[in-house]
Amino acid sequence: MRKDLVLGMAGSGGDGIVSAGESLLLAAALEGYHGVMTKSFGSQIRGGESSCRVRISTNPVLNPGGNLDVAVALNWEDFLKFGAELPVSGSTVVIYEAATGVAETDIPLVGVTPLQVFAVPISEMAKSAAGTERAKNTVVLGLIAGWFGIGAVAVMQGIRKRLAKKGQELVDANQRAFDLGIAFAREHPLKSDMAIAPAEAKGTPKLLTDGNDMCAAAAIFAGCDFFGGYPITPSTEIMQFFTDHVWKYGGAVLQAEDEIAGIGAAVGASFAGKKAMTATSGPGLSLKTEMMGLASIAELPLVIVDVQRGGPSTGLPTKSEQSDLFAAAFSAHGDVIRPVLAPTSVADTFAVTVEAFNIAERYQTPVIILSDQEISQRKETLDPIDTSRFVIEERLRPGAADLQGYKRFKDTDTHISPISHPGMPGGTYLASGIEHTEVGSPTNSGSVHQKMNDKRTKKFAPLKERRDLFEVAGNPAAPLALVAWGSVAGVCREALLLAREQGLDVKLLVPTLLYPVAEQAYQDFFTSVKAGLVVELSHLAQFHKVLRMHLDLPAGVKSMARSGANPFLPTEIVGALQHLLSELQRSHEGLLQPQE
Amino acid sequence: MRKDLVLGMAGSGGDGIVSAGESLLLAAALEGYHGVMTKSFGSQIRGGESSCRVRISTNPVLNPGGNLDVAVALNWEDFLKFGAELPVSGSTVVIYEAATGVAETDIPLVGVTPLQVFAVPISEMAKSAAGTERAKNTVVLGLIAGWFGIGAVAVMQGIRKRLAKKGQELVDANQRAFDLGIAFAREHPLKSDMAIAPAEAKGTPKLLTDGNDMCAAAAIFAGCDFFGGYPITPSTEIMQFFTDHVWKYGGAVLQAEDEIAGIGAAVGASFAGKKAMTATSGPGLSLKTEMMGLASIAELPLVIVDVQRGGPSTGLPTKSEQSDLFAAAFSAHGDVIRPVLAPTSVADTFAVTVEAFNIAERYQTPVIILSDQEISQRKETLDPIDTSRFVIEERLRPGAADLQGYKRFKDTDTHISPISHPGMPGGTYLASGIEHTEVGSPTNSGSVHQKMNDKRTKKFAPLKERRDLFEVAGNPAAPLALVAWGSVAGVCREALLLAREQGLDVKLLVPTLLYPVAEQAYQDFFTSVKAGLVVELSHLAQFHKVLRMHLDLPAGVKSMARSGANPFLPTEIVGALQHLLSELQRSHEGLLQPQE
Amino acid sequence: MSATCEFQAKDYRSDLKPIWCPGCGDYAVVQGVYRALAAIGRPPHEIAFVSGIGCSSRIPGYTTAYGFNSVHGRALPIAQGIKLANPDLLVLAAGGDGDGFSIGGGHIAHLIRRNMDITYLVMDNQIYGLTKGQLSPTSQKGRITCTSHYGSLEAPVNPLLYVLAYGAGFVAQACPSDLVGMAAILEEAIRFPGFAFVNIQSPCVTYGEEAQQLKGLKAISQSLAELHHDPSDRLAAMDLAQEYGTKLHLGVFYKNPDPAPTFEALVKERQALLMKGAPPRERILDLFIKS
Amino acid sequence: MSATCEFQAKDYRSDLKPIWCPGCGDYAVVQGVYRALAAIGRPPHEIAFVSGIGCSSRIPGYTTAYGFNSVHGRALPIAQGIKLANPDLLVLAAGGDGDGFSIGGGHIAHLIRRNMDITYLVMDNQIYGLTKGQLSPTSQKGRITCTSHYGSLEAPVNPLLYVLAYGAGFVAQACPSDLVGMAAILEEAIRFPGFAFVNIQSPCVTYGEEAQQLKGLKAISQSLAELHHDPSDRLAAMDLAQEYGTKLHLGVFYKNPDPAPTFEALVKERQALLMKGAPPRERILDLFIKS
Ligand SMILES: Cc1ncc(C[n+]2csc(CCOP(=O)(O)OP(=O)(O)O)c2C)c(N)n1
Ligand SMILES: Cc1ncc(C[n+]2csc(CCOP(=O)(O)OP(=O)(O)O)c2C)c(N)n1
Ligand code: SF4
Ligand code: SF4
Ligand SMILES: [Mg+2]
Ligand SMILES: [Mg+2]
C-alpha cells in the first residue's frame, strides 16, 4: 500500500471543489494522517474556476507534491486553466464528469497517457442520491474513499458535524451521495491497488491551519498587542485573525484607510511601547516603503509581513511568487539594513514569526517576514507545538541610571540603546526621521551621520552570527548542493531525498534569515560544494543575485529560477542536479563517486 | 600665477555670504573663467548658518575642489558647523571678521596651521564705507579682488546691474565698500602672490546654471510636455522651472497633493501620449514606488528624477549622498528592470536627461535619473551646448498594419510593441497593472506571466550593449583603477590627473548607466585591472554591491565608501590608491613600474 | 474634437466578458455607461476611462474606450494627467467605495478644487468586494464582516457630503434600481462642464447585506426631483446629503448654475498667452547665457 | 492616569532652541501649547506629541513631552497607533497646512469617523514654509509663489468646512494675534472628549504675503462669540466656515453637545467583554486543534 497520495481537483466555483478538499484534509487529519492542501482560484469572486490540491501521507508532508496521483476534473475548461499547477503524469488516475461528454479515450491532456481514466456520471449520481447537483462534491469524496481508502468514516463525521443544524434530511442526502461514490469505486476497481496505508499515529490530535492564521496566532503568542493594516490578497486573513482574537489579550486592531496609515499606526504603537505588526502583499509593501525607512532610523521595533504574490504591480494576485525579496531588502531610500526572514511551511511560520518579533525587539528595527501565497493560504496538518520551548524577547528598557540625562540613541558597545516610551517618567525624547544625535536632537552634521549610520548597521553583527537560522540537510560534505527559501524550500527538501535515493551526494541549505546576508554561514556551506542550484520562483533570480552581492559563489553553483505560478517539481530539480553532475564529471573525471 | 583657486566662505544667514559667492562666480564667468559654486545651509530657513564654496579656474572645472585656498569666516561658530565641507589646510589663507575678537594666533582650527591668517574688521569697514553692516559681503568681495585678482571690474558691474533700480546711492555705497576691501588687501600683501592668471577665452559667453534648472531645461528640450510633482528639497527647482517655462511649449505642470499623485498624473500623461516627468528626493521616491511598478508593467515611458540627499527617511535634507541607488534599482515589488542613469556635473545633466527620455520612449519604461544635492544645487559655468548634436527619440507608434487586430503588448523580436494612445483611432486597449496578454486582457496564467516577464526584461538587452554610456579616462591598460558615479565622479576625475602626475598608472570608469548593469562594459574595463577603488558616498557601498551582484570584480578592487555630507578629497583618493599600489607591489614584486 | 456621429450602446461594449458575480449591481452600471456614452456620441477612441482596483474597477475593460485599470486608489491622479495631456478627451474615472474614499480619499478634494472636466462614478456597495468582504469606509457602524466579527466601531464616511464640501460643481446619486434614471444622470454628469461626481449604490450580491440589495435599496430610495429639491442650493444639498446611509436620494443633489472655469481652460489661456514669442525648445539653454 | 499636579508653562518647554525665522507665528503657537498644557496639568511624560514634516512640525521638539517628528503627512496615523496602544496618554498631533491637507489629507476623515480622543492643531500659513515658499493647499487662487509665478490656478481647500463635513466633534480657529484666546481654545480642544481640530492662522513672515501677516489677519478677524454663533449648530458652523479665506473667524465653530463615544472607549468595552475566559497566549494554538 502507498504511503503518500497527491490529489488535484478542479471545477467551477459552484462545484464546491475546495470545500471537498477541506473535508478530505480534515478527515485525513482525524484519521491521523499528515496532509497539506493548497487552493487556487481564477480572478472571479464567484463562479470562476477553482481548484485544490490535497496531499495525504503517513509521513510528515514536505510540500503539496509534484505530479498528481489522482486528478479530478468536474469540467475540462476549468481543469486546464490551472496548467502547471495540476500536472498529470503517466501514473495519474484521472476522474472526470461523464456529463462533459468527453470520451475516456480523448480527454484533452496533451503529451501524456494517464495510468487510468474514469468518466464518472458525478452530477447524475448526485441528483439521484441527493436530488441536487450540489452534492457533486460529496460524490467525489465517496469515490476517493472507495478507491484510495481515505476518510471512509471521518469524511461523513465531518459533514455531519457541519450540516447538523441544517437538518437530518440534508445529512442523509449527503450520506447517500457519499455511499454512491464508494459503491461506484467498488464496482470499478483500479488496475493496481492505490489505497493508502493506515496512518501510524492514529488518534493523536493534530493541528490544522494555514500560514496566515498561524502567523497571526504566533504574533499574539509573541506578545503582539497591535495590528494596523489594510486588506489585500493573499494576506488579509492575518488581519482577520487579529480582529477575531487580539482583543482577548487587551490588544487592538486598526483596519486603516490605506497601507501607509496601517504601518503608520503600527509605528505609533511601537513608539508607545507595544509590540506591533502590519501585514500586506506586494502593492502594499511598496506603499509602506517610506514608513519602513522611518522605523529604521527611529529604531522602532516593528514586524511587517509581506505575503508574496505574482508581480510587478497588481500582477497575479492569487498566485505564488518569490519576487519581493529585492523590495523587502532594498526598498526605502538611504543606507539602511532591515532584516528579512522567510518561513517555508505553515508549521515553521510559527517559529519564524516569533523570531521576527524577537529580532525586532532586540535590535529595535523593522523586520520583514516574507511569506508567499502558497504558504499563507495552504492548509497543513501539524503535530502540536510545545510553546514553552520558545523564548520571548522584550526591547531593552532604560534603567534608573540610563534615565540620568537619558540618551535615547546612546551608542553603546552593542550599538543598541535602551528605549523608553510615552508614559515612562524621565524617558521623554524626540523620535524623528531626521538624522539625530544620541539625545535625539535633529542634526545635519556629517560626522554624526557617519556615526549613527555605523551604529544602525553594526548593531546587526550578532544577527549574522546566528547559525540556528540556517537549516542544512543531507551530507554536510556533499559536492552537490541545493539552496532554496520559502515555499520552494519544501519542494527542495523532497528533491533532496529523491536525489539521495538516486545516489546523488547532495545537501540542502534553507535560510530563514535572508537579509542581512550571513556571509559566513554560506561560505561554510559552500566549502565542500562543486556544483549546485539556487532554486527560486523569481524571474530575475533575486535570491541568487543577493547572494552574489555578498559572497563569491562556487563557479558550479547556478541559478534555477522562473516566474511565479509555475511551481517546481521535485523531479525536475533532481533532473537539473543530474545534469550538473554529468557536466561536472565531464570536467574533472571520476572526481565524484555516487555514494552507495 | 595660479590657474585655480578654491574659496570657502561661511557666515550666518543674514551675512549674504551666498550672494557674495554668486556675484563672484558671475564676475568670473564674465571675465571668461571656468567656475563652480556649491552652497550649503543649516536647517534654519532664515538666520541659520550658511556657506558657499567657489572654485575658479582658467581650465574647465571638474568639481568644487578639495582643501580651501582661501577661507572666509564671518564668524567662527558658523564656519565650524560645516566641518569637512570647508577643509582648511596648511596652504590656506584664512580671512575672518576681526570683530569676533579672536586673535590671529588662536583661531579655532585644530591640527592645522594655515599659510596666512588675516583678522579683518569687515563689519567696521562696511559701516564706515556704506553706513551699514549689510555691505559686509561687498567688503569681502573687495578683499578677494584685491588679494586674488578676481572680479576687480566685473564684480561691481554685476552689483551695479543688480542694484540699478534701487538707486545710485546704494550703488555708490557698495562701490566704496568694495574699494575699501581692495585697499585693505593692497595694504596687507600676501606672503606669496596668489593672484589667479587671466582667463584664456576671455569674452566668450558662458552659460551659468545649476543641475536642477539644467535638468528641467533638458527635459523640455527633449520634448517633455508634462510635469507632475510635489515639492521636496533639493529637487523642487525642477518643478519651479517647469512652472515658469513649460506652458510656452503647450505643456502643463501639476503641483500635486503628494508624490503619488504627482507620478500618477505623469503616468496618465504618458498613457495619453505625452512625454512626462516627475522629480523628487528620497522620501518622495519611496512614496512613488508602487506607481513605478505600474509604469513598468504597463510599459509606459516616464522619467523620474531623484535628487539624492542624506537618508534614510528625512535624514539630512540639505546634504549630498549617494544612498538611493538600491531604492532606484530595486524598489517596487515583483520582477522588474528599471533603467537608472546618473549625471556627474551640471554640464552633463543635459545629455543625461535627454538620454533618459530617449531610453524611456524607446523601451517604453520608467527611467530614473539619480542626481544628488551637490549637482542639483551647485552653479557651474559651461560652454554653450550645441543642441543640434542631440537625437530625440519618440515611442514606436502603431502603423495601419499594427492596428489590424491591434495587440498593445505584442511580443515582437525586439520585445518592444507599438504603443497607441487615447485619441488614436483603432488603437484602443486596456492598460493595466494586472498581468495581461498581448492584447491587454487581464490574465493569471503562469505561462503568459513567464512570457511577459521575458518580454519586459529581454527588451533591455540592447541597452546593456551601449558603450557610449560609459566614460573611460586614463591609460586603458592601466593596472590601477577608479570607478565612480554622480558628483563623486568629478572628484575622481581630478584624483586621476593627480595620481597620474604622481606617476601612478591609473584609469577611471564613470558609468552613466547604473542599472541594468552592463556586465561586458565593466569586464572590458577590469581586464587590465589588478587593484582599484569603487568610490561612493554611501555608507553601505551600494554601488560596489550592485556591481558585485552582476560581475566578479578583480580581487584587488576595493570599496571606498562613507556616509553623505562627508565629501571626498582628490588627495585622499590618491592616497588610497598609493596604499593599494604598495600592497600590490608587496604581493607581487616589481609587477608595476610607475610610468614616466 | 471630432463631430459627434451616430453611436449605439453596443458600440461601447468590448468583447471582454465581465467576470462579476451573477447579479452584481455593476452589470447595470456598465449598461448605464454604454447608454450615456451613446447619447453623447463621442467615438470610443476619444474616451479615456480610468479606474483603480476592485470589482467595480474592472469596468473600463468592458468598454471599447481607452481603458486604464490602474492601481488601488489612484484613478483620479492618473485621470488628471490624461486630461491635462489632452483636454479634448472625454475622461471618465470610476471605482469602488474603498478605492475612492479609503485609499484614494486624499485625491478627491484636490481634483475638485482644480475643477478639471472629469466625471467620477463610484460604485458604492458598502463593502470590499474584490478582497472578499471586509469593512469599507461606507460600511455602517456595527456592520459585521470578516474583519469585524464583533461589529464595526467606526462611523461611515459620507461621500455625498464630502464632495459637496469640497466644492464639486455637480453631485448626484443613482442606483441600478432605476437604470434609465442612472443613464440619464450619467449623461448629465458627463455633459457638465467641470468635475462631476455620481455616487451609485451598486449592490454586492455576494458580500452585501440584505438591506443593501436592490429590494432594500428601493425601499429607502426617494427621488430628489419628487422632493422638489433645488439643485442650485448647495447648503440644502448638504443638508439632504446628511441622510446618506439612512435614505437613498436619487437624482442631482447639486449642479452649479454658473460653473467655474476648468483647470484645463485656464491652462489653455496661459499657454496661448506665453507661447507668443517664446524661444524654440532647441534654444531653451539661452536662458542660462550670461554676458 | 496620574492625578494632575501643579505645572507651569515652562515645565513644557524643552531646551532645544527653536530655529524658526524671527517673527514666525509658530513661536506664539508653541507658547499657547505650553499654557494650555500647564492649565490641564498632565505631566509631560504622559503626553505624546506627534507631527509630520514642515516648519510647524518642529513643534514637538520644543516641548518636554514625548515627541515624534515623523514623516510628511503622517502625524495622524501614528497618533492613532499611540492612542490605541495606550489610551491613557494625552495625544496631540500638529503640522502645517501642507502636511495636513495636502499629502496628509486622506487621513483626517478616517480619524474623525473613528473619533479617537486626539487633538489636532494645524499651523495654517497658506504656504510651504520649510521648502521655501511653494503653493500650499490653502493658498488662494491667483497666489504667486515660486511654483506659481503666473499665479495659482486652483481654489484653496477649506480646512474648517472639510473637518465639519467629516463630522468632527470639536472645530475651532485661533490666531497668534490673540495668544490668550488661542491658549484657551487649545485647552478646551484638549479637554474635549473626542477628536478636536484647531486651525491656527500662523503667519509665515518669510514667504507669507502682506495680508497674511498679523496686521492683515487682525483686519479680517472676527470673534465667533461676539457673533453670538451657537457652537452646537453644525449647519450654521458649516455656513460660517464657507467664509474661510475671506474672514478670519476666531473661536469655536462647533462643539458637539453630546459627544459620541470614542473609538478607544469602544475598544476597552470589547476587550473587557472578550478577555473573560480567553485562553492564555501560550494556548492560542489550541484554536487549531482538530479532534
Ligand atoms: C495598494 C493596494 N492595496 C490593497 C489592495 C487590495 N484590494 C484590491 S481591491 C480592494 C478594495 C475593493 O473594494 P472597493 O474599492 O469598494 O471595490 P469593490 O470590489 O467593492 O467594487 C482592495 C483592498 C490592492 N490591490 N492594492
Ligand atoms: C514625503 C515628503 N514629501 C515632501 C517633503 C518636503 N516637504 C517638507 S515640509 C513640506 C511642506 C511644508 O509646508 P507645511 O506642511 O504647510 O508646513 P510649514 O513649513 O508651512 O509649516 C514639504 C513639501 C518631505 N519632507 N517628505
Ligand atoms: S463580489 Fe460583490 S462587488 Fe464583487 S463582483 Fe461579486 S457581487 Fe459584485
Ligand atoms: S519659513 Fe515661514 S513658517 Fe518657516 S519658520 Fe520661517 S516664518 Fe516660520
Ligand atoms: Mg466596494
Ligand atoms: Mg504651511
Side-chain angles (χ1 to χ4, degrees), chain B residues 12-14 39 41-50 81 212-213 216 227-248 252-262 279-284 286-288 307 309 311-315 317-318 377, chain D residues 16-24 26 51-58 61 68-74 96-107 125 127-139 143-154 157 204-208:
Chain B
S12 78
K39 320 169 202 176
F41 304 95
S43 16
Q44 283 97 318
I45 299 297
R46 242 169 49 184
E49 71 273 17
S50 70
K81 285 205 184 105
N212 278 337
D213 282 359
F227 181 96
Y230 189 73
I232 184 167
T233 306
S235 75
T236 311
E237 297 80 6
I238 295 175
M239 176 162 62
Q240 289 172 5
F241 189 97
F242 269 93
T243 54
D244 288 347
H245 300 290
V246 76
W247 320 103
K248 303 174 186 168
V253 190
L254 187 71
Q255 180 184 326
E257 55 272 26
D258 62 21
E259 283 84 356
I260 296 175
T280 189
S281 184
S286 287
L287 283 172
K288 293 175 192 285
V307 180
R309 60 189 218 184
S313 196
T314 305
T318 58
Q377 296 193 328
Chain D
L16 195 61
K17 189 179 159 304
I19 58 173
W20 289 311
C21 304
C24 175
D26 297 348
S51 67
I53 293 285
C55 293
S56 42
S57 289
R58 297 189 194 275
F68 199 152
N69 187 173
S70 71
V71 289
H72 194 38
R74 313 304 170 187
D97 41 334
D99 193 71
F101 288 94
S102 194
I103 192 169
H107 301 300
N125 56 10
I127 197 78
Y128 282 1
L130 188 66
T131 44
K132 309 197 168 180
Q134 300 79 24
L135 280 176
S136 102
T138 53
S139 302
R143 172 83 180 267
I144 288 173
T145 71
C146 61
T147 48
S148 60
H149 282 151
Y150 304 108
S152 161
L153 303 176
E154 306 163 315
V157 303
C204 172
V205 296
T206 302
Y207 302 107

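Order of the sequence lines fixes the chain letters, A, B, ..., with proteins taken first and strands second; residue numbering starts at 1 for each chain.
The candidate with the highest count of non-hydrogen atom pairs below 4.5 Å against chain D, out of B/Gly48, B/Pro283, B/Gly42, B/Ser43, is B/Ser43.
To the nearest 0.5 Å, the span separating NZ on D/Lys132 from OG1 on B/Thr233 amounts to 7.0 Å. Atom CG of B/Leu287 and atom CZ of D/Arg74 lie 6.0 Å apart (nearest 0.5 Å). Interatomic distance, OG1 of B/Thr236 versus OH of D/Tyr128, reported as 10.5 Å (0.5 Å rounding).
Across all their heavy atoms, B/Pro231 and D/Thr131 have their closest contact at CB-OG1, 4.3 Å. In terms of heavy-atom proximity, B/Gln255 sits nearest to D/Glu154 at O-OE2, 4.0 Å. The shortest heavy-atom contact between B/Arg46 and D/Val205 is NH1-O, 4.1 Å. Summarising the geometry of D/Cys21 relative to B/Ile45, their closest heavy-atom pair is SG-CB, 3.7 Å, with the distance given to 0.1 Å. Considering every non-hydrogen atom in both D/Gly98 and B/Tyr230, the closest pair reads O-OH, 4.0 Å. Counting all heavy atoms, side chain and backbone alike, D/Ser102 lies closest to B/Ala256 at OG-O, 4.3 Å.
For chain D, no part of B/Ile260 is nearby; none of its heavy atoms comes within less than 4.5 Å. Within the 4.5 angstrom heavy-atom criterion, no atom of D/Thr145 approaches chain B. Interface remark: D/Phe101 contributes no atoms to any contact with chain B (heavy atom separation under 4.5 Å). Both the backbone and the side chain of D/Leu135 come within contact range of chain B, each with at least one heavy atom under 4.5 Å from a heavy atom of that chain. With a threshold of 4.5 angstrom between heavy atoms, D/Cys55 approaches chain B through side-chain atoms but not through N, CA, C or O. With a 4.5 Å cut-off on non-hydrogen atoms, B/Ser313 touches chain D through its side chain but not through its backbone.
Here the side chains of D/His72 and B/Thr314 are not in contact, with every heavy-atom distance at 4.5 Å or above.
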May I have the step-by-step check of side chain to side chain contact (heavy atoms under 4.5 Å, CB included) for B/Gln240 and D/His149, ending in yes or no? CA-CA 9 Å; B/Gln240 289 172 5; D/His149 282 151; over 6 Å; no
